[in-house]
Protein chains: 2
Amino acid sequence: MPNNQFKKGELYSFITGKASTAIARRLQKKFNAANLNLTIEQWSVLYHLWKQDGISQQELCNATFRDKPSITRLVDNLEKLKLVKRVSSKEDRRMNMIFLTNEARKMEEASMELAEETLNEALEKVPADQVEVCKQVLQIVYDNLR
Amino acid sequence: MPNNQFKKGELYSFITGKASTAIARRLQKKFNAANLNLTIEQWSVLYHLWKQDGISQQELCNATFRDKPSITRLVDNLEKLKLVKRVSSKEDRRMNMIFLTNEARKMEEASMELAEETLNEALEKVPADQVEVCKQVLQIVYDNLR
DNA sequence: GGCATATAGTTAGTTAAACAACTAATCAAA
DNA sequence: TTTGATTAGTTGTTTAACTAACTATATGCC
């Protein structure tokens, strides 16, 4: 029984993701306090667009680990906020290429600073090598379940 | 700078909790396949009630790390499913004590088995000592942000 | 007793996730 | 070239999270 690492009563927080929920809530509060009118989910889409925009909604699905309806609605809301624009592709008219507006580009620096700040608060007093192990475990978990 | 453990580009999955999302989705699929008509959130409430029922909604808030409106609605839906009952306390009439029905008690064993199964799949190929480190890190993160 | 304050829970409104069913465009193969 | 399958994206429905505003009960203090 090589993998019975969880006895009853220990599995709750692993499944419910208490830690990542707490991180997301803290970051959301920082956004609100800084008058960054963004949800964490919207930020997670912009995060990938800041690295490269002009990608399709399907590529955003893969990058953000969300399904297509979720991305449709997130892009809807980001468009309402005038942070992105849908441009239908000329090569394949099924596809929408998603582009950032200048407004959205301006938000990158401030929001990324708040994200790093949040993670540093979250990881206070955790030795770097343990953080590394934790990251690796979470990556394996993700790969195991895909 | 003792805590700058995250360079840009590494923080995304920590914040978005990709791993715990994947675990929850896998467990939900197992519930559906087993005709357990339960959401993961409903299960997370039952999880605490199986340990002890007859507790207040506020105690459920603390146990499940949710706010009061969330618990109100979860209890609403669990009541519709006839899995719990609200009984207003005689000592303090503001409080609802939440009790399991027999129906709900019957679901404990099967659902907990599926939860353990899910975690074992998630943690396949992860050495037990690394799982331990990961759990400790996530606990510290949670404590740091409370 | 009466008033302020705190606590328990509910309601309303917005955003998002999951799933199923759908449209439209593309591609592949007979 | 037309038919069938695949891919990209949208829409509808249910469940849930978060905030703010609300009701009702309890408590503490004068």
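Lettering of chains follows the sequences in order, A, B, ..., and the numbering in each one begins at 1. Small disclaimer: the values here were computed from a predicted structure and weren't measured.
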Nucleotide nearest A:P69 (side chain, heavy atoms from C-beta), chosen from C:dA20, D:dA16, C:dA12:
C:dA20
Return the value, rounded to whole Å, for the distance between atom NZ of B:K68 and atom C1' of D:dA24.
12 Å
Contact under 4.0 Å: A:Q42 side-chain N or O vs C:dA16 OP1/OP2
yes
Would the base of C:dA12 count as contacting B:R73 through its side chain, where contact means a donor and an acceptor less than 3.5 Å apart?
yes
Look at the side-chain N and O atoms of A:R66 and state whether any lies under 4.0 Å from the OP1 or OP2 oxygen of C:dA17.
yes
Please state how far atom CD in A:Q28 lies from atom P in C:dT15, giving the value in whole angstrom units.
12 Å
Is the NZ or CZ atom of A:K18 both under 6.0 Å from the centre of the six-membered ring of B:F65 and within 45° of that ring's axis?
no
So A:T39, base contact, sugar-phosphate only, or nothing? Heavy-atom distance under 4.0 Å.
sugar-phosphate
Hey, does A:D76 reach any base, or is it just sugar-phosphate, or nothing, if we go heavy atoms under 4.0 Å?
nothing
Would you indicate, yes or no, if C:dA8 has its OP1 or OP2 atom less than 4.0 angstrom from a side-chain nitrogen or oxygen of B:R93?
no
Using a cut-off of 4.0 Å on non-hydrogen atoms, how would the nucleic acid contact of A:I71 be classed: base, sugar-phosphate, or nothing?
nothing
Hey, which of these two, B:I40 or A:D92, hits DNA chain D nearer its 5' end, going by closest nucleotide?
A:D92
In short, B:Y12 meets A:A63 closest at the heavy-atom pair CE2-O, 4.1 Å
Given atom NZ of A:K18 and atom P of D:dA17, what is their separation to the nearest angstrom?
15 Å
Would you kindly give the CG-to-P distance between A:N77 and C:dA17, to the nearest whole Å?
10 Å
How do A:N32 and A:N96 order along DNA chain D: which one's closest nucleotide is nearer the 5' end?
A:N96
Under 4.0 Å from OP1 or OP2 of D:dT10: is there any side-chain N or O of A:R86 that close?
yes
Whole Å only: how far is the CG atom of A:L78 from the P atom of C:dA16?
8 Å
If I compare all heavy atoms of A:W50 with all of A:L100, which pair ends up nearest, and what's the gap?
CD1-CD1, 3.6 Å
Take atom CD of A:E91 and atom P of D:dA8, then tell me their distance rounded to the nearest Å.
14 Å
Nearest-Å distance, CG (B:L81) to C1' (D:dA16)?
14 Å
Once you round it to whole Å, what is the distance between P of C:dA8 and NZ of B:K90?
21 Å
Give a yes/no on whether any side-chain N or O of B:Q57 is located under 4.0 angstrom from OP1 or OP2 of C:dT10.
yes
Can a donor-acceptor pair be found between the side chains of B:E124 and A:N144 at a distance below 3.5 Å?
no
Judged by modelled atom types alone, do B:N120 and B:E116 share a side-chain donor-acceptor pair under 3.5 Å?
no
Are any of A:S56's side-chain N or O atoms less than 4.0 Å away from OP1 or OP2 of D:dA8?
no
Distance-only donor-acceptor test (3.5 Å): side chain A:R94, base D:dT7:
yes
Of the options C:dA16, C:dA8, C:dA18, whose atoms approach the side-chain atoms of A:D67 most closely?
C:dA18
Do A:V131 and A:C134 touch side chain to side chain, with heavy atoms closer than 4.5 Å?
no
B:L74 side-chain proximity, nearest of D:dA17, C:dA16, D:dT10:
D:dA17
